[in-house]
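Predicted, not measured: the structure shown is a model, and the values here were computed from it. In what follows, chains carry the letters A, B, and so on, assigned in the order in which the sequence lines appear, proteins first and then strands, with residues in each chain numbered from 1. All values below come from the heavy atoms of this structure, side chains included, with hydrogens, waters and symmetry mates left out.
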Amino acid sequence: MAAQPWAPACPLSALKARAEMLRAVRAFFDAREVMEVQTAALAARGATDPAIASIAADDGRVLQTSPEHQMKRLLAAGAPSIYQIGPAFRAGEAGRWHNPEFTMLEWYRLGFDAPALMDEVAALVDVLLGAAAYDRRAYASLVGVPAAQLDACADDALDLRVAEALAEMPAGRVFITDYPARQAALARVSGPVAARFELVVDGVEVANGYHELQDAAVLRQRMLRDNVTRLERGLPEAPLDEALLAAHEHGLPDCAGVAVGLDRLLALQQGASSLAEVMPFPADRA
Amino acid sequence: MATYSTNQFRAGLKVLLEGDPCSILENEFVKPGKGQAFNRVKFRNLKTGRVWERTFKSGETIESADVVESDMEYIYTDGDFWHFMKTDGSYEQVAASAEVVANAVDWLTEQGAYAVTLWNGEPISVTPPNFVELEVTTTDPGLKGDTAQGGSKPATLSTGASIKVPLFVNVGDMLRIDTRTGEYVSRVKA
């Protein structure tokens, strides 16, 4: 079937596994009384993160690279703990473990900190992939640089060390913690480290989570700094999402949030060596 | 000289890496969650045959290498160089050093057809056809009737190559050889 250009790239068994995974995720959050939500995939503003490129529509609006901004606006408006399963879009990301459109599971837990959310991520992954042990490794040990010297390292050199460390990582589940403060993204920072974590399964990054930054002024500074970095790298400036900033000024509750790449989890569950093996219509076929 | 960006990298592309001509084998896009994108690329060094792995920042460029593969006929050796002639009608000749013909020298027969890899017009490697037919010049006398399985003995071929052959093979026999493994395949009728 897959040889025909009209036919899905993955076997029908992968579609069945995907349906079962979606059912299991919803059952997991139902049991924990986390509410499912849907936000807009196409919105006026996107992320400023210089490492993330969004896809713009003709009218200037952008396909969301994650539902984070709008989910935080819901939390600021008084929503309880919420989750969302939906498409996320990233320009130029195509490869064995990347597709420009992919399925993201993102959730926010009121009153959780990063360790509490890591425990919940592990519980979900145990449901989907079977139970296993989880290691925890600090970012500094992953890249092989003493924590005190991380500030002196160039970002691209650190990113390269991360990519290489993941490629060399043996099979297993590892939480990477204690990201350097300047890689906090939208996580809160205490001292030199950010309350940010990632989960790596068999060398593949599957989750990125934060104990969420609340302070609107700090968020604005980080977005402005992102745009300085964008200009340095010859990238277009990303207009700030004033609606998110206003929501933070109104007040984001104390919460932790995480995004999980569901296609990657499905590929790992199915023993596949690429996303294309579990997606009916990856980019070259969609 | 043309350059290629990482997003143009694909298997078979010929590029210059650390001064050596290489062929791209694999190009994998890797990107840490919030970090910059990289391409992990595997190359075959066309001079040494070794596989190299390098990581590039996405968007980086490398120079293309003027590498072409040309069908050529082996003519002769003067002891220092092995001379080949293009079969495209140009009769153009190139001289390959011992180092360049090292992988093919056991399978070179005059007027035989070979694939010669040229970098900036100079030969850097010679690939023989998968199968060649060569005459046995020395081997122990054959055992009559022993065409069944079992047993082998050394034999020297007209090119000087030594291989293992079945016991029934005699001096003067033409043999079909798999050049990829250097193994005897069959006897061919002269």
- Item | Per-residue contact mode, B:Gln36 against chain A (heavy atom under 4.5 angstrom) |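 Both parts, backbone and side chain.
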- Interface residue of largest heavy-atom contact number with chain B, from A:Val200, A:Val162, A:Leu158, A:Asp156, under 4.5 Å: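 Looking at each option in turn, the highest pair count goes to A:Asp156.
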- Are the side chain of B:Arg40 and the backbone N or O of B:Glu53 linked by a donor-acceptor pair below 3.5 Å?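 Absent.
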- Main-chain N/O of A:Ala94 paired to A:Asn99 side chain as donor or acceptor, under 3.5 Å: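 Not at all, since once roles are kept as given, no pair shorter than 3.5 Å links the two residues.
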- Return the minimal non-hydrogen interatomic distance between A:Leu275 and A:Ala267, and the atom names on each side.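 Here A:Leu275 and A:Ala267 meet closest at CD2-CB, 4.4 Å.
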- Measure across A:Glu106 and A:Pro67 and return the closest heavy-atom pair with its distance rounded to 0.1 Å.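 Closest approach of A:Glu106 to A:Pro67, heavy atoms only: OE1-CD, 3.4 Å.
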- Task: Against chain B, label A:Arg161 side chain, backbone, both or neither, depending on which of its atoms sit under 4.5 Å from a heavy atom there.
- Result: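 For A:Arg161, no heavy atom lies under 4.5 Å from chain B.
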- Item | Contact origin within A:Gln183 toward chain B - heavy atom pairs under 4.5 Å |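 Answer is neither: A:Gln183 stays 4.5 Å or more from chain B.
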